[in-house]
2 protein chains.
Amino acid sequence: MTTSIKDVARLAGVSVATVSRVLGNGPVSPELRARVEAAIAGSGYRPNLSARRLRSQSSRTVGLIVSDICNPFFTAVSREVEDVAYREGMRVILCNTDENPDKEAMYLRLMQEERVSGVIFAATRETAARLDVSALGFPVVMIDRAGPASACDAVLLDNAAAAAQLVEHLLAQGYRSIGGLFGNTSSTGAERHAGFVAALSQAGLPVEARFVAPSAAAAEREVANWLRQPDAPRALIASNGLLLLGAVKAVRGAGVVVPEQLALAGFDNDSWTELTEPGMTVVEQPVAEIGQAAMGMLLERLRQPERPVRKVVLAGRLVPRGSSRRAGSA
Amino acid sequence: MTTSIKDVARLAGVSVATVSRVLGNGPVSPELRARVEAAIAGSGYRPNLSARRLRSQSSRTVGLIVSDICNPFFTAVSREVEDVAYREGMRVILCNTDENPDKEAMYLRLMQEERVSGVIFAATRETAARLDVSALGFPVVMIDRAGPASACDAVLLDNAAAAAQLVEHLLAQGYRSIGGLFGNTSSTGAERHAGFVAALSQAGLPVEARFVAPSAAAAEREVANWLRQPDAPRALIASNGLLLLGAVKAVRGAGVVVPEQLALAGFDNDSWTELTEPGMTVVEQPVAEIGQAAMGMLLERLRQPERPVRKVVLAGRLVPRGSSRRAGSA
DNA sequence: CTGAAAGCGCTTACAG
DNA sequence: CTGAAAGCGCTTACAG
């Protein structure tokens, strides 16, 4: 049907081995190389990657497993990962797990069947805790969420420090009653909660934290309820972009004025956060660096399987905006 | 290294053919099936998809080629495509072209090397015009942008009607001086421009349109310039979500009040559009339906290669918000 | 530098 | 229902 390396060899009057060497930039005389290249161009030949992968026992494929590509954080990271991968002549297989451990297990099995070179993985806390990386057969770089203690490479935000930074910012702006909203499936949510608790405790303030499913809808419901209570906080920190979005919607729905009645702050400098009135105070994650660092660590691990496990911890950047303006000031 | 079908066969005391039949749900006696399944479970065997693809001459892979996954329209479409694909036991290869015809050509070649079952493609106008789909060797479903006239299946928005709908909405709100900002690389921009021109002409109004590169930054620059001119329009339509975002930033930067000094409207009901103050009037594209329809058409084409070419044209939905409130009203 | 041959891990007629 | 055998399209030692 489609032309194979055999057809090209016949056309050029050489062996298939020589055609293969031309394709792989092996040692071939200029004369034969020219004949083979002419035959390739003339026949419209395209190498079959499945055959090449099978024979060379190298898929040159990386799996990227995230909860949902529609989360702008993962969108941006994936774009970066794909760019680096294609530049290295590798392919990316993207998987959305919706924070569902069953889907995670299914996709990990798929990765084994694809014989991927490696995987970049934002795992749920459940999977991260139970996963035996060494049994997988390929290296894993965790992103966003920590993996099982020091069992594999990871690129992480300094979540506790970033959450503490938000608390300190709100304290400096004069807020004392600060609530926190955290995702209940990821270690990220847990770490940000820890930083939140530590900063408040150090200031001698009580801790009000709630955990929800990591979706805007769940956050909106939770915050709507929260605001109805007499002891509702005067400031609120949301532990990621989706939760912050839900919080904003709840606040709008309740007719609460930001920041006069409730200050808001959160994670992820998504494009919408600077367009609300007032703009949202956030900790920006270095998304491009995270994607690049993850692919970089994976490539180094492939080159050097026995190198020691590394965690790269990146700092967030506070972007103060109107949503956390000083209480009582214009 | 890794266990193969041969190891499983030896373990179960059957031939490799029988193992293959168990894997493929072929006819096997209950007894042998049980022995094979035990051997698979015991050995941790995982089928090698490259080998299966090579031998069966079927990749069960679809290519998804878009300009940039970071554009929320394509993010949402891709999520839908992937969900349908995985449900059908197929895999998706995602490619970002940045509206660059060279990258488009490179990725199409890659798709041939992957022996993909088919491709879903949002092509630049340049590539759409010159592309010989029949020479590719796999079926193509165009999305968002029209392909070469009736040469292949397509899922499209009724762009002209949607643009006209926006114009008519602004007219009904009392606006007479209406400018349009369009992307200069896609047929989508051209079609929306055509609908824009038609609606204004029918109303006997002059046409003010500008074309820019399809990025928020380019739109911001263009609108900033435009607003400085004495004959700047009183209302502005932006032809996609990125351009609308750029327009909003320019408007903010210039201190122009929406809608009192300038009404805004555009395409794509991205999450930020309802969070600005005022909210943005937009035509919402049925992103989920577009993704599903594209995968659906591709699957039908694969089942039935000779079926007549079809174009599915979906209607947009007007979402009126404050950015186009009646001129002079509260 | 070049070619003949083996083999990667599967599936699929073909016999039985 | 089952197995022996061929072959998908490549790459890679091995000789020369």
Side-chain angles (χ1 to χ4, degrees), chain A residues 1-37 39-40 43-61 89 91 109-117 137, chain B residues 1-37 39-40 43-61 89 91 109-117 137:
Chain A
M1 205 71 241
T2 52
T3 80
S4 79
I5 203 173
K6 228 163 162 177
D7 305 308
V8 174
R10 197 178 310 122
L11 240 74
V14 301
S15 73
V16 296
T18 296
V19 177
S20 178
R21 287 193 191 100
V22 170
L23 258 25
N25 262 318
V28 181
S29 70
E31 194 208 322
L32 288 199
R33 162 160 279 132
R35 267 167 40 203
V36 168
E37 278 167 355
I40 289 175
S43 62
Y45 167 73
R46 295 277 180 273
N48 181 319
L49 293 183
S50 289
R52 179 176 289 174
R53 291 191 182 111
L54 172 60
R55 177 54 236 234
S56 66
Q57 298 287 71
S58 159
S59 68
R60 303 196 64 73
T61 298
R91 238 83 47 216
R109 196 160 47 238
L110 177 62
M111 296 303 102
Q112 296 180 309
E113 300 186 351
E114 292 279 3
R115 302 293 192 267
V116 294
S117 306
Chain B
M1 208 71 240
T2 51
T3 80
S4 78
I5 203 173
K6 228 163 162 179
D7 305 307
V8 175
R10 196 177 312 122
L11 240 75
V14 300
S15 71
V16 295
T18 296
V19 177
S20 178
R21 287 192 192 99
V22 170
L23 258 25
N25 260 318
V28 181
S29 70
E31 194 208 323
L32 288 199
R33 160 160 281 129
R35 262 160 53 196
V36 169
E37 278 167 354
I40 289 176
S43 63
Y45 166 73
R46 295 279 180 269
N48 181 319
L49 292 184
S50 290
R52 180 175 288 173
R53 291 191 182 109
L54 172 61
R55 176 56 234 237
S56 66
Q57 299 286 72
S58 158
S59 68
R60 302 197 65 74
T61 298
R91 161 188 80 136
R109 196 161 47 240
L110 176 64
M111 296 303 102
Q112 296 180 310
E113 299 185 352
E114 292 279 4
R115 302 293 191 269
V116 293
S117 305

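Keep in mind that this is a model prediction, so the values were computed, not measured. Lettering of chains follows the sequences in order, A, B, ..., and the numbering in each one begins at 1.
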Selected nucleotide, minimal atom distance to Leu54(A) side chain, candidates dC1(D), dC8(C), dC1(C): dC8(C)
Side-chain N,O ([X]) to OP1/OP2 ([N]) below 4.0 Å:
X        : N       : result
Ser29(B) : dC1(D)  : no
Gln57(B) : dG9(D)  : yes
Arg52(B) : dT11(C) : yes
Ser56(B) : dC8(D)  : no
Arg21(A) : dT11(D) : no

First encountered from the 5' end of DNA chain D, between Ala51(B) and Gly13(B): Gly13(B)
Nearest-nucleotide comparison on DNA chain D, the residue closer to the 5′ end among Ser4(A) and Thr18(B):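 Whichever sits nearer the 5' end wins; that is Thr18(B).
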[X] and [Y]: which non-hydrogen atoms are nearest, and at how many Å?
X         : Y        : answer
Ser43(A)  : Val8(A)  : OG-CG2, 3.9 Å
Arg115(B) : Ser59(B) : O-OG, 2.7 Å
Ala12(A)  : Ala39(A) : CB-CB, 3.9 Å

Given DNA chain C, 5'-ward residue of the pair Ser50(B) and Ala17(B), judged by closest heavy atom: Ser50(B)
Contact nearer the 5' end of DNA chain C, comparing Leu32(A) with Val16(A): Leu32(A)
Side-chain donor/acceptor of Arg60(B) to backbone N/O of Arg91(B), under 3.5 Å: no
Roughly, in whole Å, what's the span from [atom1] in [X] to [atom2] in [N]?
X         : N       : atom1 : atom2 : value
Glu113(B) : dT11(D) : CD    : P     : 11 Å
Tyr45(B)  : dG9(C)  : OH    : C1'   : 7 Å
Arg55(A)  : dA5(C)  : CZ    : C1'   : 11 Å
Ile5(A)   : dG7(D)  : CD1   : C1'   : 16 Å
Leu49(B)  : dG9(D)  : CG    : P     : 18 Å
Arg35(B)  : dC1(D)  : CZ    : C1'   : 13 Å
Arg60(B)  : dT11(C) : CZ    : C1'   : 15 Å
Asn48(B)  : dC8(D)  : CG    : P     : 18 Å

Under 4.0 angstrom, heavy atoms only, what part of the nucleic acid is [X] near: base, sugar-phosphate, or nothing?
X        : result
Ser20(A) : base
Leu23(B) : nothing
Arg33(B) : nothing

Pair Val28(B)-Val36(B), side chain to side chain contact (heavy atoms under 4.5 Å, CB included): steps then yes or no: CA-CA 10 Å; Val28(B) 181; Val36(B) 169; 5.9 Å; no
Secondary-structure notation, DNA chain C, from Watson-Crick and G-U pairs under 3.5 angstrom (| other strand): |||.||||||||.|||
Cationic N near anionic O, under 4.0 Å, Arg109(B) to Glu114(B): no
Value rounded to 0.5 Å, distance of CG in Leu23(A) from CD1 in Ile5(A): 6.0 Å
Sub-4.5 Å side-chain heavy-atom contact between Arg46(A) and Thr2(A):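 Side-chain contact under 4.5 Å: no.
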